[in-house]
Amino acid sequence: MIENLVIVESPAKAKTIEKFLGSDFMVKSCFGHVRDLSKKNFGIEIENNYSPQYIITEDKKKIVGELRKLVKESTVVWLATDEDREGEAIAWHLSEILKLPAENTKRIVFHEITKDAIRKAVDNPRGINKDLVNAQQARRILDRLVGFELSPVLWKKIQPKLSAGRVQSVAVRLLVEREREVLHFKPESKFKVYGTFSFSDNNGKKGELKAEIPDRFPGPDEAKEFLNLCKDADFKVVDITTKPSRKSPAPPFTTSTLQQEASKKLGFSVSQTMSVAQKLYEAGFITYMRTDSFNLSGLALASARKTIIEKFGEKYAKTRKYKTKVKGAQEAHEAVRPTYFQNNTINGNHSEQRLYELIWKRTIASQMSEAQLEKTTVTIDVPNSDKKFIASGEVIKFDGFLKIYMESGNDKSDDSAKGLLPPVSAGQSLNYETISANERFSTSPPRYTEASLVKKLEELGIGRPSTYAPTISTIQQRGYVLKEDRPGFNRTVRIISISEGKLEEKTKTETAGTEKKKLFPKDIGMVVNDFLLEHFRDVLDYNFTASVEKEFDEIAAGKLDWTEMIDNFYKPFHVKVEKSLADSIKKTGERQLGKDPETGKPVTVKIGKYGPMVQLGDSNKDEKPRFASLMKGQIIETITLEEALELFKLPRTIGDFEGKDLVIGVGRYGPYLRHDGKFFSLMKGTDDPMTIIKSRAIELIDENRKIENKRVIKNFSADPDMKVLSGRYGPYISYKKKNFRIPRKKDPESLTYDDCMKIIEEGQKKERQKAKGKRQK
DNA sequence: CAGTGAGCGAGCTTCCGCTTGACTT
């Protein structure tokens, strides 16, 4: 007999809690949601007042079975799922499927895993809050209705397997709109003036001072006019002011800020951050990593303080509590923090150590004193002009939290001089060494990175800590978005300068627009976005989630009936769905580019069966039109007639090798070289299909053959189909186009043909079992 | 993965949010 059975969501949490509770408590985890809407017929009986049809999820059947057995042997069951809408719903689903009687069931909550918090929770049990559960059901049903009605519209109007949803479609919209801002942006240039001055102080000591004019000059003429004015001017320091300033530390990490900083400081993708954090959590090094709360437990605050005093001294410690400003935050957990502050490093692989140290520093810094700075501004008068040169410097008087952590700034680089200024005094005369006016171009708003998109979504209250990473990967999987690097372009900038009374004009080249790991919307993303905006603008509205969240809150407060809320949304929504289906024209994003000067045939661009393509000729006329895929980086929206005509020059033969043609083309997976029936991908960045030459093509073939040979660990003369190869995930057997894992114990070098056959039979047996399992779903 | 772009049609795709492993070539 089990006296008390406690059910929590996470197994790692179960382990910790079990230690805090006495031996008469057994703690089990249910691994999150155990039931979900059936996928058949929406899982909702719309006609029956939106009655939800729940089924136990395939991957939870086993754990539910175990829980059912344990419940039978237990006296009291404690539902200790998270203290938020989803957690309450999980508790309710558990009570339903485990048929828990109210009198022997207690609902408890805690949002920090400390002995005190858990004891306190056990002393204050309550029942399940059905209003909160209904708010969750409304959320779930709304998302299902939106997702499962919109997606099929896209299958019919654009292409199969596409998807739309309350969260992902807004994420794509943000990217598409930003991309268009970038594409339409016309950089303007102005001239920024910098001066380097020299002086000798009262003791005859020489010094140098760099300063700049805060406002910019609209053009070269204005800049020149100003420089001419400076040529013979006597410069003088007219004012020196020093002002104290303070800097406060950033709050401890939430999921989204952890993703942002890990991206900026460590170069991690959001999913990488989450999987490394998961490892740290399971090892007991950090608290739960999916959270929207800045909160630290009392114990954590005290422990951080102790660590800071030990390491840095009393004056570095300052206990701080942070409040969330995020819309819709549910704060069921603590902030992401180290479990033991005394450990500033941990054992683990390189990524784990780096992420841990980042978390440790950020959390510790959040409990440290503010930095005290002194900002000095020197103003230099320009005779006969209302412009003034300004030099500014900043000195740290007390480092405080800056001792260990500095939050990453924005992408914009701060080019004003920082640091200590030389000792000048008011009234001091200055001579200029050089004064130069540099042409500066304005920049478009930046494209999103994965992490900056998460930040934006969080600001809009869209998505949850557990879904940021999956959402980012969904929009990439659907082909709406591509994460990649793009090289910049060179441009000429003008520099006008004076030195020793002589005016000089030069130019120099700079690279602009270089992008690293940025999200680019693809054509299909743009077409889907435009279609959804045309017909379902309200769902794509940036405030849609915020406004339905308000209603969910009312449901949770018992002031609104959930079926009424859903009905108010669904009735008009469904009408729009029907309307959008009414005209049967497919959306392809087609654009007319003009006429081919040689043949006079029309050139168009659109999304075809296999992606974006250009077409030469009319498909309704007798002659079959020519087709060609767009190249990487080209999009329907911006491709020109000239670029399109270039594409029709492929495929082309560039010579022969070993008696066979070398053919260059662009296919489904990018530019390729075809030789003797084999395909070789061209190297991106280095090989251009339009200009590649024969010798380079042969080089590619040679390289490929070498790699191919290296991959082979073993082959068998008896059967050329059987090979032991070394791949990304270690050695494996390849047999008749199928791959099989080699059991860990076996040495791949010494496998015999019969050994391989045996492994293959085992593998096929497993595969059959898996297929069987899938059919039962 | 495969390097195309005829047309037909059966059967499938899809949401968000809560959790981990299983699995990949």
Side-chain angles (χ1 to χ4, degrees), chain A residues 8-14 29-37 39 42-44 57 59-60 63 81-82 84-90 93 136 139-156 159-169 275 278-279 281-282 288 290 330 332 462-468 470-471 474 478 539 545 606-611 613-615 619 624-629 650-651 663-674 677-681 711 725-734 737-742 766 770:
Chain A
V8 297
E9 292 176 40
S10 149
K13 196 168 167 181
S29 105
C30 66
F31 296 82
H33 274 295
V34 290
R35 283 207 301 187
D36 191 18
L37 297 172
K39 290 195 176 187
F42 282 74
I44 303 164
T57 328
D59 56 334
K60 298 297 163 52
I63 185 69
T81 49
D82 294 347
D84 58 16
R85 201 163 64 201
E86 299 296 328
E88 201 69 16
I90 292 172
H93 281 300
Q136 192 275 345
R139 198 279 305 154
R140 179 69 192 89
I141 287 165
L142 177 99
D143 283 337
R144 170 56 65 84
L145 288 170
V146 170
F148 274 38
E149 292 223 354
L150 287 188
S151 301
V153 176
L154 299 180
W155 305 340
K156 290 200 186 79
Q159 67 178 230
K161 294 190 181 181
L162 295 177
S163 65
R166 175 177 57 82
V167 175
Q168 59 170 283
S169 296
S275 76
Q278 177 87 27
K279 285 264 155 49
Y281 169 64
E282 283 168 14
Y288 196 54
R290 290 187 273 263
Q330 310 209 0
I462 299 171
R464 302 279 311 132
S466 67
T467 61
Y468 295 137
T471 300
T474 298
R478 297 278 173 274
V539 176
T545 292
K606 66 177 179 184
I607 295 180
K609 204 161 143 196
Y610 305 105
M613 62 170 196
V614 285
Q615 181 177 333
S619 40
K624 202 186 154 193
R626 285 195 63 194
F627 302 100
S629 293
L650 294 173
V663 181
I664 303 293
V666 176
R668 173 113 167 75
Y669 302 100
Y672 65 87
L673 157 69
R674 194 179 68 208
K678 278 202 175 114
F679 290 88
F680 307 89
S681 291
R711 274 182 55 218
L725 302 175
S726 122
R728 247 197 311 165
Y729 307 103
Y732 66 102
I733 296 169
S734 165
K737 293 208 164 177
K738 283 196 149 188
N739 299 322
F740 302 89
R741 293 174 73 82
I742 297 171
K766 263 191 196 163
K770 228 177 76 187

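Each chain gets a letter, A, B and so on, in the order the sequences are listed, and its residues count up from 1.
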inquiry  = Distance check, rounded to the nearest 0.5 Å: Leu145(A) atom CG versus Arg140(A) atom CZ?
reply    = 9.5 Å
ask   = Under 5.5 Å between ring centres and under 30° between planes: true for Trp155(A) and the base of dT13(B)?
value = yes
remark   = d(Gln159(A) CD, Lys609(A) NZ) to nearest 0.5 Å is 12.0 Å
query = Base, sugar-phosphate, or nothing for Gly608(A), non-hydrogen atoms under 4.0 angstrom?
reply = base
note = Of dT19(B), dT4(B), dC15(B), the nucleotide closest to the side chain of Lys39(A) is dC15(B)
remark   = Atom NE2 of His33(A) and atom C1' of dC16(B) are separated, to the nearest Å, by 9 Å
key: Least distance between heavy atoms, Ile664(A) atom then Leu650(A) atom   = O-CD2, 3.7 Å
inquiry  = For dC16(B), does the base pair up with any side-chain atom of Arg464(A) as donor and acceptor (N or O, under 3.5 Å, distance only)?
reply    = no
query = Is any side-chain N or O of Ser629(A) under 3.5 Å from a base N or O of dG3(B), one able to act as donor and the other as acceptor?
reply = no
ask   = Counting any heavy atom closer than 4.0 Å, what does Gln136(A) reach on the DNA or RNA strands: base, sugar-phosphate only, or nothing?
value = nothing
inquiry  = Among dT20(B), dT14(B), dG17(B), which nucleotide has an atom closest to any side-chain atom of Ser466(A)?
reply    = dG17(B)
request  = Select from Phe148(A) and Tyr281(A) the residue whose nearest nucleotide in DNA chain B is closer to the 5' end of that strand.
outcome  = Phe148(A)
From dT25(B), dC16(B), dT19(B), nucleotide with atom closest to Arg166(A) side chain = dC16(B)
task = Using a heavy-atom cut-off of under 4.0 Å over every strand shown, decide if Leu162(A) touches base, sugar-phosphate, or nothing.
result = sugar-phosphate
ask   = Contact class for Gly32(A) vs. all strands (heavy atom < 4.0 Å): base, sugar-phosphate, or nothing?
value = base
task = Please state whether the phosphate of dT19(B), meaning OP1 or OP2, lies under 4.0 angstrom from any side-chain nitrogen or oxygen of Arg290(A).
result = yes
request  = From the options dC18(B), dT20(B), dT14(B), select the nucleotide whose nearest atom is closest to the side chain of Pro152(A).
outcome  = dT14(B)
message = At 4.0 Å (heavy atoms only), tell me whether Arg144(A) reaches a base, stays on the sugar-phosphate, or touches nothing.
response = base
request  = Assign Ala89(A) to base, sugar-phosphate, or nothing according to its heavy-atom contacts below 4.0 angstrom with the strands shown.
outcome  = nothing
key: Closest heavy-atom pair and its distance - Ala164(A), Leu154(A)   = CB-CD1, 3.8 Å
task = Indicate, with a heavy-atom threshold strictly under 4.0 Å, whether Pro11(A) touches base, sugar-phosphate, or nothing.
result = sugar-phosphate
Arg711(A) versus Tyr732(A), closest heavy-atom pair with distance = NH2-OH, 3.0 Å
task = Among Arg290(A), Gln330(A), Lys13(A), find the one that has a side chain to side chain donor-acceptor pair (under 3.5 Å) with Asp82(A).
result = Lys13(A)
inquiry  = Whether Arg626(A) contacts dT4(B) is assessed here as follows: a side-chain N or O lying under 4.0 Å from the phosphate OP1 or OP2. Is that the case?
reply    = no
inquiry  = Students often get this wrong, so: under 4.0 angstrom with heavy atoms, is Phe680(A) touching a base, only sugar-phosphate, or nothing?
reply    = nothing
inquiry  = Taking the minimum atom-to-atom distance to the side chain of Ser163(A), which one of dA6(B), dC18(B), dT14(B) wins?
reply    = dT14(B)
task = Classify the side chain of Arg140(A) versus the base of dC15(B) as yes if they form a donor-acceptor pair under 3.5 Å and no if they do not.
result = yes
Distance below 4.0 Å between Arg35(A) side-chain N/O and dG17(B) OP1 or OP2 = no
inquiry  = Quick check on dT20(B): is either OP1 or OP2 less than 4.0 Å from any side-chain nitrogen or oxygen of Ser10(A)?
reply    = yes
query = Gln278(A) side chain N/O closer than 4.0 Å to the phosphate oxygens (OP1, OP2) of dT20(B)?
reply = yes
task = Give Gly463(A) one of three labels, base, sugar-phosphate or nothing, depending on what nucleic acid heavy atoms sit under 4.0 Å from its own.
result = sugar-phosphate
query = Which residue lies toward the 5' end of DNA chain B, Val666(A) or Thr474(A), if each is placed at its nearest nucleotide?
reply = Val666(A)
task = Using a 4.0 Å heavy-atom cut-off across all strands, classify Val167(A) as base, sugar-phosphate, or nothing.
result = sugar-phosphate
query = With sugar-phosphate meaning primed atoms plus P, OP1 and OP2, does Gln168(A) contact a base, only sugar-phosphate, or nothing at under 4.0 Å between heavy atoms?
reply = sugar-phosphate
task = Mind checking Gly677(A) for me? I need base, sugar-phosphate or nothing, with any heavy atom below 4.0 Å counting as a touch.
result = nothing
ask   = Ring of Tyr610(A) versus six-membered ring of dT4(B): centres under 5.5 Å and planes under 30°?
value = no
query = If you measure from CD on Glu88(A) to CD on Gln136(A), what distance do you get to the nearest 0.5 Å?
reply = 10.5 Å
query = Which part of the nucleic acid does Arg85(A) contact within heavy-atom distance under 4.0 Å: base, sugar-phosphate only, or nothing?
reply = nothing
